[in-house]
Protein chains: 2
Amino acid sequence: MEIKKTFKDLGLRMSKQRMAVLEFFEENKEGHFSLNEIYEKISQKNKNISFTSIYRACKLLEKLGLIRHISFEERHIHYESNLTPHLHYQCLICGKIIEESPEWLRELKKKLDIKDFLITSYRIQIHGICKECQDKYPEDIRRKLRT
Amino acid sequence: MEIKKTFKDLGLRMSKQRMAVLEFFEENKEGHFSLNEIYEKISQKNKNISFTSIYRACKLLEKLGLIRHISFEERHIHYESNLTPHLHYQCLICGKIIEESPEWLRELKKKLDIKDFLITSYRIQIHGICKECQDKYPEDIRRKLRT
DNA sequence: ATTAAACTTGAAAAAATTTTTCAACAAGAA
DNA sequence: TTCTTGTTGAAAAATTTTTTCAAGTTTAAT
């Protein structure tokens, strides 16, 4: 298992708390979760893990390039697995998120390469207005804008 | 001025506070700023504007597609002007940000288009490890990882 | 299996950031 | 100018993020 070697090389220890967070992202490759959501979901299975440990494990796993964080309209951080690059389209009005994984995304990584930088993850977020919100009457949009 | 028409159509008013924030981003097309930074910089010029107004103006301008928010290693939100698409490379270890604007970025927008979604902005963030941090001894990296 | 050294955890407090409230004010239309 | 309605500011509230430090674990060596 490659992760264990990385931990060892860096003098880090594989505690059961970190393991739980790693497993969580292995089981949840698709979604993106706030720290609280991760905490709650892990707590349902394994009671012996604190919010603080989740917080720290996520920060660590991000630095190791295993997960990445992302921020949507709600201002708190979400984390997601770093395995499947995809696009996030988010509507600025209603907040809805549409995910896409087009073919050309695979070629993009080569283009992103620059000298002297070791890429561990990348993400593309697109903002705009979804069909439903485009169709809304100005009054509805106006109300949303003020919130 | 097109923005004024948008405001009018939506029943929004062009207050001097909103104007100040708009001007701020016109004068600062390049950087990305936390709400506090925006507040402090605007306050230096124009004393009659509260943090709350900056907060609300930024949320509004983002929904109108004029600015966009972005979150780096520090977890609070930064805003940046929506005029010049560019890439952000951030080192996961030291936090340093490298910005690039390669030629091919212009063609990307067409590829991003999907049905029924009106794009107002997009951004690409790349994470990894910079040259300097790659060269560091494990001890230094280890220390950073624990922070 | 023990032990020592170093790393990690958990609970709580602290810090920082974001959001709401509501009375007073201001912009824009008539 | 006046009226209607949108906006502001200050403070409080809510939420989220981060630190602290004593106690507990992990790992490697004995």
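Naming convention: chains lettered A, B, ... in sequence-line order (proteins, then strands); numbering from 1 in each chain.
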Atom-pair distance (NE2 on B/His69; C1' on C/dT18), nearest Å: 13 Å
Integer-rounded Å distance: C/dT8 P and A/Leu61 CG: 12 Å
Side-chain hydrophobic cluster, 4.5 Å single linkage: members besides A/Leu92: none
Tell me whether the side-chain N/O atoms of B/Asn36 come closer than 4.0 Å to OP1 or OP2 in C/dA16. no
Specify the separation, in whole Å, of atom OH of B/Tyr39 and atom C1' of C/dT17. 15 Å
Distance check needed: C/dA29 P versus B/Asp9 CG, whole Å only. 11 Å
For B/Pro102, what residues pass the side chain to side chain contact (heavy atoms under 4.5 Å, CB included) criterion, not counting sequence neighbours? B/Leu87, B/Glu100, B/Trp104, B/Leu105
For residues 30-40 of chain B, which residue pairs pass the side-chain hydrogen bond (donor to acceptor under 3.5 Å, both in side chains) check, not counting sequence neighbours? B/His32-B/Glu99
Identify, with sequence neighbours excluded, every residue that meets side chain to side chain contact (heavy atoms under 4.5 Å, CB included) alongside B/Phe24. B/Asn28, B/Phe33, B/Ile38, B/Lys41, B/Ile42
Measure CG/A/Leu35 against C1'/C/dT17 and give the value in whole Å, please. 15 Å
Mind checking side chain to side chain contact (heavy atoms under 4.5 Å, CB included) for A/Thr52 and listing every partner two or more places apart, or none if nothing turns up? A/Ser50, A/Arg56
Atom-pair distance (NZ on A/Lys59; C1' on C/dT9), nearest Å: 16 Å
Give me the ring orientation class for A/Tyr55 and A/Phe51: parallel if the planes are under 30° apart, tilted from 30 to 60°, perpendicular past 60°. parallel
Partners of B/Asp9 by side chain to side chain contact (heavy atoms under 4.5 Å, CB included), sequence neighbours excluded? B/Lys5
Would you mind reading off the distance between A/Glu37 atom CD and D/dT15 atom P, rounded to a whole angstrom? 15 Å
Reading 5' to 3' through nucleotides 2-12 of chain D, protein heavy-atom contacts under 4.0 Å coded B for base, S for sugar-phosphate only, - for none: --BBBSBBBB-
Using whole Å, report how far CD1 of B/Ile77 lies from C1' of D/dT17. 13 Å
Donor-acceptor contacts, no H, no angles, side chain residues 109-132 of chain B, under 3.5 Å, sequence neighbours left out:
from     : atom 1 : to       : atom 2 : distance (Å)
B/Thr120 : OG1    : A/His127 : O      : 3.3
B/Arg123 : NE     : A/Gln125 : OE1    : 3.4
B/Arg123 : NH1    : B/His69  : O      : 2.1
B/Arg123 : NH2    : A/Gln125 : OE1    : 2.8
B/Arg123 : NH2    : B/His69  : O      : 3.3
B/Gln125 : OE1    : A/Arg123 : NE     : 3.3
B/Gln125 : OE1    : A/Arg123 : NH2    : 2.7
B/Gln125 : NE2    : B/Ser71  : O      : 3.4
B/Lys131 : NZ     : B/Asp135 : OD1    : 3.4
B/Lys131 : NZ     : B/Asp135 : OD2    : 3.4
B/Glu132 : OE1    : B/Lys96  : NZ     : 2.7

Does D/dT15 have OP1 or OP2 under 4.0 Å away from a side-chain N or O of A/His76? no
Bend angle of the helix from C/dA1-D/dT30 to C/dA30-D/dT1 from five-pair axes at both ends, rounded to 10°? 50°
Can you classify the ring geometry of B/His76 versus B/His78 as parallel (below 30°), tilted (30 to 60°) or perpendicular (above 60°)? parallel
